[in-house]
**Student:** 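Dumping the structure here so I can ask a few things about it.
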Amino acid sequence: MKIEDILAQERRARMAAERLLAQKQAELSDANRVLSQHALSLSDEITETREVVEEIKGENTQVRADLEKANKEVVIAKRRLWDSLETIEDGFAVFDQSNRMIAANSAYLKPFDGLTCVAPGIRYVDILNIATEEGIVDIGDLRPLAWRDMMLDRWHAPKRDPMNLRLWDGTHIQLVDRRSRDGDMVCLGLNITETITYQTKLKEARFRAEAANRAKSAFLANMSHEIRTPMNGVVSMAELMVEGELDDEQRIYVDTIRKSGEALLTIINDVLDYSKIEAAKLALNPQPFDLEKTILDVVTLLQPTVQEKGIQLSIDFDLFMPTKFMGDAVRLRQILTNLIGNAVKFTSEGHVLVRAIGLPAADDKDYRVHISVEDSGIGIPKEMQAHIFGEFNQVEDEHNRRYEGTGLGLAIARQLVKLMEGDIWLESKEGKGSCFGFNISLPALDHVVEPNLPDAPGKAVLALTEGLNKTILDKRLRALGFEVTLTSATANLIDICNGAQLVFVDEALCTAATSELDPLRALKSAYPDINLILLTPPQKRAPDCSCVTVASHVLHTPVLRGVLFDTLSKLSFPPAMPDALQQSDKLSTKATAAQDQTRVMRVLAAEDNKTNQLVFSKLVKSLNIDLRFANNGLEAVEAFLDFKPDLIFMDISMPEVDGKEATRRIRLIEKDQHMPRTRIVALTAHALTGDAEETLAHGLDKHLTKPLRKPAIFDEIMATCPVGAISPIEDA
Ligand code: ADP
């Protein structure tokens with residue numbers, strides 16, 4: 001190899017070595033740089049760590065100081081808590097989940113005084129055992145084991161009610177135990193001895209007060225009763241004296257005695273009732289009764305006052321509510337008498353309306369009966385309304401009283417409604433009027449029997465004077481499907497009644513008519529088939545006008561719903577009936593005739609005396625007859641029309657319309673309506689010669705004297721039994 005080549009080769013090798021060296025030097029300087037950076041950051045870190053360590057060192061000292069302070073505070077709090085728990089007189093204890101006592105205050109441990117085993121660590125069951133074994137707790141009639149089990153059941157129950165215990169020394173403790181969220185049981189034993197002692201004393205005092213009140217009411221009730229008996233004597237004797245021979249002055253004296261006696265009796269009766277209710281001596285006596293009739297009776301009694309005052313008193317009895325219910329009619333009548341009586345008393349013009357509405361209960365047997373008494377009287381100021389049902393509360397003060405009364409009526413009414421489990425209320429506006437209402441539940445004894453009318457019964461005309469009776473009758477007839485035309489005059493009655501099925505005429509309009517021809521007779525001769533009903537006021541026992549003979553029926557206002565339905569059922573509505581219906585009607589008439597073959601004999605006895613009615617019904621008890629009583633002559637005439645008796649026994653002296661007058665009216669009706677003559681037998685106490693002749697002269701067929709004798713009554717009945725009726729004596 002040439003030297004130049006060798007030199008070149010060396011040069012190249014040196015250059016490569018120089019390059020490698022430079023590279024290695026660069027790498028070394030890089031590494032040095034990294035190293036120095038690392039060393040730098042390391043020293044930074046060390047500085048930082050040192051600072052943190054210093055900081056933590058400071059904090060640690062603080063924490064230690066805080067901890068020490070907190071510990072001290074916990075100790076203080078614990079001591080305070082225990083001091084407090086020790087101070088209260090009620091027991092406090094805590095049990096853990098395994099029912100061991102953790103802690104208890106002295107009050108809790110006090111009953112176990114001297115028993116060192118009752119201390120933290122003891123099980124609850126052991127405390128119970130000790131309590132019974134040592135006789136610490138009064139366990140009543142229970143055996144110790146049973147009591148312990150009962151207490152344990154309570155302890156383990158998910159929820160516990162507070163429980164009262166009596167200890168051997170008469171202390172009363174109420175246990176209130178509650179489980180905490182972590183399963184501990186926190187127990188309180190509250191000392192309720194004072195409360196129990198107070199309650200017992202209160203109970204005894206209340207019992208004594210109630211007994212004293214009952215004794216007072218019983219005394220009042222007895223006294224009122226004692227006063228009532230002689231007062232009855234005074235009033236009855238005064239009544240008898242009025243009937244005797246007295247000069248005018250004496251009559252005024254006796255009448256004053258009678259009226260004052262009656263007023264005193266009313267007051268005594270109020271006091272008596274109120275005292276009876278107070279003394280809890282008043283019990284309800286439920287009997288079957290007719291609600292509509294009860295309301296009507298009260299309204300009828302008040303009619304004289306109503307007439308005198310010139311106000312209207314009407315009844316709106318729910319058309320579709322039964323009338324027969326089970327309830328204490330006497331007490332119900334008392335409530336009604338008070339409410340309706342007050343309404344009349346405090347109303348000088350306008351009206352009083354008694355409304356009865358019934359809502360059937362789900363079983364359709366019980367009815368919620370609402371009765372309201374609305375008046376257009378003086379009303380009651382708002383501030384008085386809340387107290388008006390209290391005792392002796394009257395709107396006017398005692399110095400300027402215009403109205404009589406004891407101020408007990410509404411209090412009695414409220415108590416009676418309460419006794420019937422109902423509510424009573426009042427709505428009133430001073431100067432405008434009042435509405436008193438009450439509701440009670442009554443079991444219904446019948447269903448509403450609607451009158452058997454054609455689907456479209458046609459036109460009805462009400463020729464009545466204005467007033468509530470007209471409004472109510474109008475409402476009822478419309479509800480039954482009639483098209484009603486109203487008029488308050490009889491002048492053009494014939495024109496108005498053209499096409500009418502049914503006409504109600506007020507007797508007052510009829511008697512006021514000036515035309516020569518009686519308007520009803522004229523109407524009847526124009527439309528012979530028309531159903532004509534004459535309405536007469538309640539206080540009048542019989543209509544005056546002679547047109548009574550052309551009327552199909554005479555009804556007293558207000559017309560009872562049952563009476564209206566009965567009357568309508570008896571009417572016929574020929575023009576409205578289609579042929580087919582008329583045909584079926586004829587068939588049904590035949591059927592009735594056939595049924596008549598098996599009907600029982602109808603006997604009417606007109607007798608006002610209830611005892612005599614009882615005697616009569618006992619006499620004929622064994623006979624198979626349909627017996628009905630009329631309480632006076634007027635009822636006898638009405639019963640003659642709707643009961644159609646085969647035989648009438650007629651008492652002669654009866655109030656209002658006597659037997660002779662009743663017979664005269666019956667004979668007149670028979671004649672006018674071409675009816676066969678019904679046998680009427682007089683029953684009288686008059687046995688003097690000449691009485692029989694006098695009685696017979698009034699259209700009666702026979703004269704029997706009292707006391708009644710069974711054979712004579714039987715003979716009459718047997719002899720009069722019509723052909724086709726079942727014999728009243730079975731074997732006859
Ligand atoms: P009284 O025997 O005084 O009527 P009540 O207890 O029946 O006793 O009535 C108490 C008072 O309530 C009455 O004195 C009267 O002031 C008032 N009052 C009762 N009903 C009515 C009424 N319908 N209209 C106006 N005030 C009435």
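We count ligands from 1, going down the list as the structure has it; atoms in each ligand are counted the same way. Note that the coordinates shown come from a computational prediction; the quantities given were computed from them, not determined experimentally.
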**Student:** Taking the side chain from Asp316 and the backbone from Arg355, do they hold a donor-acceptor pair closer than 3.5 Å?
**Tutor:** no
**Student:** Which one holds for Thr347 and ligand 1: side chain close, backbone close, both close, or neither close, with close meaning a heavy atom under 4.0 Å?
**Tutor:**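 Neither; nothing of Thr347 gets under 4.0 Å from ligand 1.
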**Student:** Would you please name every residue forming a side-chain contact (heavy atoms from CB on, under 4.5 Å) with Ala460, sequence neighbours left out?
**Tutor:**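 For Ala460 the side-chain contact (heavy atoms from CB on, under 4.5 Å) partners, ignoring immediate neighbours, are Leu477, Phe482, Leu502.
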**Student:** For Lys345, state whether at least one heavy atom is located under 4.0 Å from any atom of ligand 1.
**Tutor:** yes
**Student:** Who gets closest to atom 5 (P) of ligand 1 by heavy atom: Ile412, Leu339, Leu410?
**Tutor:** Leu410
**Student:** Of all the atoms in ligand 1, which lie at a distance below 4.0 Å from a heavy atom belonging to Gly379?
**Tutor:**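 That gives atoms 25 (C) of ligand 1.
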**Student:** Can you list the ligand 1 atoms lying under 4.0 Å from a non-hydrogen atom of Ala343?
**Tutor:** 23 (N)
**Student:** Hey, what do you get for CZ (Phe438) to CG (Leu336), rounding to the nearest 0.5 Å?
**Tutor:** 4.5 Å
**Student:** Let me check something: any side-chain donor-acceptor pairs from residues 202-212 under 3.5 Å, sequence neighbours excluded? List them with distances.
**Tutor:**
from	atom 1	to	atom 2	distance (Å)
Arg206	NE	Glu210	OE2	3.2

**Student:** Suppose I only count heavy atoms of Leu408 and a 4.0 Å limit; which atoms of ligand 1 are within that range?
**Tutor:** 6 (O), 8 (O)
**Student:** Where does the angle between the aromatic ring planes of Phe436 and Phe389 fall among parallel (under 30°), tilted (30 to 60°) and perpendicular (over 60°)?
**Tutor:** perpendicular
**Student:** Below 4.0 Å, non-hydrogen atoms only: which portion of Asn338 touches ligand 1? Side chain, backbone, both or neither.
**Tutor:**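 Just the side chain.
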**Student:** Please confirm whether Phe389 approaches ligand 1 to less than 4.0 Å, judged on its heavy atoms.
**Tutor:**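 In this structure, Phe389 fails to qualify as a contact of ligand 1 - no heavy atom is under 4.0 Å.
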**Student:** Mark up the atoms of ligand 1 that fall under 4.0 Å of a heavy atom belonging to Gly409, in ascending order.
**Tutor:**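 Taking each heavy atom of Gly409 in turn, ligand 1 has 5 (P), 6 (O), 7 (O), 8 (O) under 4.0 Å.
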**Student:** Can you list the steps and then say if Arg665 with Val657 is a side chain to side chain contact (heavy atoms under 4.5 Å, CB included)?
**Tutor:** CA-CA 10 Å; Arg665 289 186 195 176; Val657 172; 4.0 Å; yes
**Student:** Quick check: Ile388 and ligand 1, any N/O pair under 3.5 Å apart?
**Tutor:**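 No, no N or O pair falls under 3.5 Å.
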**Student:** Is there at least one pair of N or O atoms, one from Ile378 and one from ligand 1, spaced under 3.5 Å apart?
**Tutor:**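 No: no nitrogen or oxygen of Ile378 is under 3.5 Å from one in ligand 1.
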**Student:** Is it true that a side-chain atom of Gln501 and a backbone atom of Asn531 form a donor plus acceptor pair closer than 3.5 Å?
**Tutor:**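 It does not hold such a pair.
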**Student:** Just by modelled atom types, is the Glu349 backbone N or O under 3.5 Å from a matching donor or acceptor in the Ser376 side chain?
**Tutor:** yes
**Student:** Would you please determine whether Gly377 falls within less than 4.0 Å of ligand 1 on a heavy-atom basis?
**Tutor:**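 It does not; every heavy atom stays at 4.0 Å or beyond.
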